[in-house]
Amino acid sequence: MDIMRTHYASDITPEMDGDTVTVAGWIHEMRDLGGIYFLVLRDRGGFMQITMVKKKTDPELFDSARRLIRESVLTVTGTVKREDKAPRGYEIIPQTLSVLSESDSPLPMDITGKVDADIDTRLDSRFIDLRRRKTLDVFVIRHHALKAMRNFLENEGFIEIHTPKVVAAATEGGTALFPITYFNREAFLNQSPQLYKQIMMSAGFNRVYEIGAIFRAEEHDTLRHLNEATSIDIEASFMDHLDVMGILERLVHEVYAQVAVDCAPQLEELGIELSVPKLPFKRVSYDDALEIALSEGHTIEWGEDFGTAAERAIGNAIGEHYFLTDWPTEIKPYYTHPYDDKPVYSKSFDLMHPRMELASGSQRIHSRKILHEMIEAHGLNPDGFDFYLKAFQYGMPPHAG
RNA sequence: GUCCGGAUAGUGUAGUGGCCUAGCAUGGAGCCCUGUCGAGGCUCCGCCCCGGGUUCGAAUCCCGGUCCGGGCGCCA
């Protein structure tokens with residue numbers, strides 16, 4: 001246990017009646033009823049009520065408690081008292097109470113849930129926003145989701161890697177990169193582990209994954225896009241896109257199932273009812289999806305990507321998680337493997353939630369010659385890809401991710 | 001980038017030309033109150049984004065700017 005406390009809020013039970021404990025946390029609220037004074041102390045695990053009856057409390061302690069400022073950091077040493085009228089069946093009767101850090105007042109936003117704050121206000125005062133229970137819940141859920149993914153991938157024989165984040169060249173077209181100064185040279189923040197995880201395939205690592213930060217300098221302005229995000233990438237050798245889809249759908253299923261169990265209190269607090277998607281996910285080819293979009297009145301030419309509205313129409317028609325497969329080769333990245341017998345289509349997929357895209361993948365081209373041609377066909381300069389193309393010269397297995 | 005919409009106490013909002021010396025909630029200061037758990041009651045404190053313009057008169061209408069939200073686009 002920490003040196004300044006003996007218990008967290010979540011450790012204390014009514015059965016500990018009579019025990020002396022030292023707790024620490026932030027002052028969440030106080031309620032002054034005159035003859036009795038309640039102080040609600042918050043730590044990561046929850047809340048605890050500190051109760052002081054005026055007649056039974058040292059006057060100096062009682063007065064100092066009444067002068068406290070919300071969100072100050074406090075340690076309290078006191079006696080646990082079983083009390084049916086108290087929130088969790090117990091309260092703490094303090095002997096000593098010391099302020100470790102006094103808060104300013106007033107607070108930049110309400111954190112008790114009485115008054116909402118706009119997202120902008122919340123981010124401007126993120127240090128306070130992070131104290132809100134619901135914000136913590138999001139972090140807890142995120143943590144459990146990541147843990148479930150790592151467990152799953154580990155069991156599937158994947159090893160976790162971290163690829164370079166400071167890179168030499170703007171390797172591709174498409175998304176813009178953030179330029180930075182690398183000593184006296186220009187460098188960029190990496191937008192994807194793609195090229196590096198493929199190089200790991202040439203090295204025989206067989207199955208790798210990375211969960212890490214990516215940076216994209218797009219001036220897009222939607223709720224679904226961030227300039228700094230966390231990406232989850234896998235790459236595996238001797239596999240095609242169908243194998244990857246199999247792994248991915250089980251991964252997604254597993255994460256939902258684990259989070260539903262591990263984060264039941266957080267989900268309830270946030271009012272989220274999580275439904276675990278059923279396996280296997282539907283496979284819908286690009287051509288079939290195009291037909292759905294057209295029948296819903298959207299105008300899209302074969303070979304075009306679906307817009308937001310069309311994507312949503314398709315999602316509504318299907319109603320659950322699905323794979324959008326066999327995309328036209330020309331709208332997929334240069335490393336996407338075409339079908340040998342029908343090269344205008346590619347061995348590719350997007351994983352879709354009815355309302356948005358979750359992931360995309362494909363079998364990769366593993367022939368250096370074809371890859372070189374495809375880079376040129378996409379209007380890119382192969383010279384910039386030298387470090388990448390070399391990995392395809394000395395034994396690159398078929399792979400997908 | 002573009003099209004809509006918006007900006008009022010610390011926070012969230014009401015107010016569409018004079019009734020605004022700007023209402024409410026939350027908050028802060030203080031007082032009352034012995035079982036609160038969004039405690040309650042009373043008193044007080046605190047706000048019209050910036051710059052121009054129209055008008056006898058602007059929080060309100062017009063123009064420009066800045067910032068924010070939503071839709072679309074952009075997005076290996």
Side-chain angles (χ1 to χ4, degrees), chain A residues 28-42 46-57 62 66-67 69-71 81 83-91 103-125 128-129 132 170-177 190-195 197-198 214-227 229 231 233 298 304-312 327 329-336 346 348 350 356-357 359-362 364-365 374-375 378-380 385 388 401:
Chain A
H28 191 67
E29 284 182 290
M30 48 270 254
R31 293 187 199 92
D32 185 355
L33 275 66
I36 188 165
Y37 180 77
F38 301 106
L39 193 68
V40 181
L41 201 63
R42 182 188 72 245
F47 302 97
M48 49 215 142
Q49 178 168 286
I50 316 295
T51 303
M52 277 164 270
V53 174
K54 190 174 187 177
K55 282 190 210 156
K56 298 181 186 168
T57 308
F62 193 82
R66 289 183 62 173
R67 282 196 303 274
I69 297 168
R70 289 168 65 206
E71 291 305 314
K81 186 183 164 206
E83 175 55 71
D84 292 340
K85 284 177 278 188
R88 262 148 292 273
Y90 75 86
E91 59 196 10
S103 171
D104 250 356
S105 177
L107 297 166
M109 55 176 278
D110 171 59
I111 72 163
T112 63
K114 287 175 198 159
V115 182
D116 287 336
D118 290 342
I119 186 68
D120 201 43
T121 305
R122 291 175 52 196
L123 293 175
D124 281 348
S125 296
I128 287 286
D129 180 54
R132 295 167 62 240
T171 49
E172 303 157 51
T175 207
L177 296 168
N190 205 184
Q191 57 171 292
S192 161
Q194 180 65 32
L195 274 35
K197 65 181 185 170
Q198 284 191 264
I214 55 167
F215 305 91
R216 299 188 174 183
E218 288 297 332
E219 294 185 17
H220 34 45
D221 203 0
T222 76
L223 264 182
R224 299 177 297 284
H225 295 88
L226 293 168
N227 295 303
S231 85
D233 267 87
H298 298 275
E304 277 182 346
D305 205 345
F306 302 107
T308 310
E311 197 174 281
R312 208 160 285 164
W327 289 75
T329 305
E330 59 180 279
I331 52 168
K332 281 292 169 185
Y334 59 82
Y335 50 74
T336 308
S346 62
S348 60
D350 279 8
M356 68 187 104
E357 178 188 334
S360 64
S362 64
R364 322 300 192 187
I365 294 168
M374 291 298 275
I375 288 171
H378 277 76
L380 300 165
F385 294 88
Y388 171 63

Expressed in angstrom and rounded to an integer, what is the separation of [X] atom [atom1] from [N] atom [atom2]?
X: A:R122; N: B:C68; atom1: CZ; atom2: P; value: 16 Å
X: A:D124; N: B:G69; atom1: CG; atom2: C1'; value: 15 Å
X: A:E311; N: B:C75; atom1: CD; atom2: P; value: 14 Å
X: A:H28; N: B:G27; atom1: NE2; atom2: P; value: 11 Å

Using the [atom1] atom on both, measure [N] against [M] and round to a whole Å.
N: B:U21; M: B:C68; atom1: P; result: 33 Å
N: B:U16; M: B:C74; atom1: C1'; result: 37 Å
N: B:G70; M: B:G30; atom1: C1'; result: 44 Å
N: B:C50; M: B:U34; atom1: P; result: 47 Å
N: B:G53; M: B:A14; atom1: P; result: 30 Å

With a 4.0 Å limit, can you tell me whether [X] has a side-chain N or O closer than that to the phosphate oxygens OP1/OP2 of [N]?
X: A:S105; N: B:G10; value: no
X: A:K114; N: B:A39; value: yes
X: A:R67; N: B:G30; value: no
X: A:T121; N: B:G12; value: yes

With a 4.0 Å cut-off on heavy atoms, is [X] in touch with a base, just the backbone sugar-phosphate, or nothing at all?
X: A:E357; result: nothing
X: A:G307; result: sugar-phosphate
X: A:P108; result: sugar-phosphate
X: A:E29; result: sugar-phosphate
X: A:K55; result: base

Practice prompt. Decide salt bridge (Lys or Arg N to Asp or Glu O under 4.0 Å) for A:R122 and A:D116; before the verdict, give the C-alpha distance in whole Å, the side-chain angles of both, and the deciding distance to 0.1 Å.
Written response: CA-CA 9 Å; A:R122 291 175 52 196; A:D116 287 336; over 6 Å; no
[X] side chain, from C-beta outward: closest of [options]:
X: A:T308; options: B:G28, B:U11, B:G73; value: B:G73
X: A:R70; options: B:G28, B:U36, B:C68; value: B:G28
X: A:R31; options: B:G10, B:A39, B:G73; value: B:A39
X: A:V115; options: B:G12, B:U36, B:U34; value: B:G12
X: A:P87; options: B:G69, B:C33, B:U36; value: B:U36
X: A:A86; options: B:C33, B:U36, B:C75; value: B:U36
X: A:Q49; options: B:G35, B:G12, B:U34; value: B:G35

Worksheet item: Can you check side chain to side chain contact (heavy atoms under 4.5 Å, CB included) on A:T51 and A:K85, steps first, answer last?
Response: CA-CA 11 Å; A:T51 303; A:K85 284 177 278 188; over 6 Å; no
For [N], which nucleotide is its Watson-Crick or G-U wobble mate, given both distances must be under 3.5 Å?
N: B:U16; value: none
N: B:U43; value: B:A29
N: B:U21; value: none
N: B:A59; value: none
N: B:A7; value: B:U66
N: B:U2; value: B:G71

Practice prompt. Could you pull out the closest heavy-atom pair between A:P333 and A:H378, with the gap in Å?
Written response: C-NE2, 4.1 Å
Discussion item. Looking at A:H298 and A:E311, would you say the former's side chain and the latter's main chain have a donor-acceptor pair under 3.5 Å?
Written reply: no
Worksheet item: Donor-acceptor pair, A:S348 side chain versus A:S362 backbone, under 3.5 Å?
Response: no
Discussion item. Assuming nearest nucleotide by heavy-atom distance, tell me which of A:P106 and A:V53 is located more 5' along RNA chain B.
Written reply: A:P106
Response to the item:
On RNA chain B, more 5' by nearest nucleotide between A:D118 and A:M30 is A:D118
Worksheet item: Is the A:F385 to A:Y335 ring centre distance short of 6.0 Å?
Response: no
Item to complete: Could you tell me whether A:K54 and A:D32 have a side-chain N and a carboxylate O separated by less than 4.0 Å?
Response: no
